[in-house]
Asks: 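First the structure, then my questions, so here it is.
Remember, it's 1-based here, ligands and their atoms both numbered in the order they're listed.
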Amino acid sequence: MLGRLNHVAIAVPDLAAASAVYRDTLGAKVGAPQALPEHGVTVVFIDVGNTKIELLEPLGEGSPIAAFLAKSPSGGMHHVCYEVDDILAARDHLKANGARVLGDGNPKIGAHGKPVLFLHPKDFQGTLVELEQV
Ligand code: CO
């Protein structure tokens, strides 16, 4: 069921500053900021060859990463995203095995225009897991 690691997401308080660190200090290929109001974040993708880094900054009221940044004000690793071929089959398999799917259990369209779901971190070693259908 589980495919490649699509990206590792890092929540940051200042997207421009974090982008500059990756671009200038680390010499990475940094993409343009993308506002995703329906997810409450602005994202920047960084291509690191074998996978991507997704920088996340809160957008609007009640951003899902606001509480995370309140606990970790300088930022931190927020989630990992794995690719799946069939997100509904993956969801049903996970639920049948006792894993909790966040939200209403239905995929939303993510930053790449593809369906995504998030899984409860308590069921996955304290790590928030995103699944993306590719
Ligand atoms: Co993500």
Side-chain angles (χ1 to χ4, degrees):
M1 181 185 97
L2 205 60
R4 296 173 63 242
L5 175 67
N6 184 278
H7 60 266
V8 174
I10 299 173
V12 302
D14 183 336
L15 194 56
S19 297
V21 167
Y22 271 85
R23 186 180 53 243
D24 304 332
T25 310
L26 293 169
K29 280 182 248 168
V30 176
Q34 220 183 321
L36 301 174
E38 68 279 15
H39 292 277
V41 290
T42 303
V43 302
V44 160
F45 280 101
I46 299 160
D47 183 358
V48 292
N50 61 337
T51 189
K52 293 182 284 275
I53 302 298
E54 177 185 62
L55 301 178
L56 300 171
E57 181 187 63
L59 175 63
E61 294 299 308
S63 170
I65 64 169
F68 182 95
L69 283 169
K71 280 188 215 149
S72 305
S74 56
M77 210 206 80
H78 186 261
H79 66 266
V80 294
C81 177
Y82 299 114
E83 298 177 355
V84 294
D85 291 329
D86 182 336
I87 201 162
L88 295 178
R91 176 197 64 189
D92 294 345
H93 171 83
L94 286 156
K95 284 169 91 173
N97 283 275
R100 286 165 285 181
V101 177
L102 299 185
D104 66 4
N106 293 310
K108 280 192 192 175
I109 297 302
H112 305 110
K114 294 177 176 156
V116 301
L117 278 176
F118 286 90
L119 309 176
H120 202 299
K122 287 200 172 133
D123 298 332
F124 296 94
Q125 294 69 48
T127 304
L128 178 62
V129 173
E130 180 180 17
L131 299 179
E132 180 176 300
Q133 181 172 292
V134 292

Asks: For residues 10-65, which residue pairs pass the ring pair (Phe, Tyr, Trp, His ring centres under 6.0 Å) check, not counting sequence neighbours?
Replies: His7-Phe45, Phe45-His112
Asks: Please check if atom CG in Asn97 has more than 12 non-hydrogen atoms from other residues, nucleotides or ligands closer than 6.0 Å.
Replies: yes
Asks: Which heavy-atom pair separates Ile109 from Glu38 by the least distance, and what is that distance?
Replies: O-OE2, 4.2 Å
Asks: Step by step, work out the side chain to side chain contact (heavy atoms under 4.5 Å, CB included) result for Leu131 and Leu94.
Replies: CA-CA 11 Å; Leu131 299 179; Leu94 286 156; 3.5 Å; yes
Asks: For the Co ion (ligand 1), which protein N/O/S atoms fall under 2.8 Å? Skip waters.
Replies: His7 NE2, Glu54 OE1, His79 NE2, Glu130 OE1
Asks: Do Leu102 and Leu117 have side chains that get closer than 4.5 Å, going by heavy atoms?
Replies: no
Asks: Do you know which two heavy atoms are closest between Leu56 and Ile65, and how far apart they sit?
Replies: O-CD1, 3.6 Å
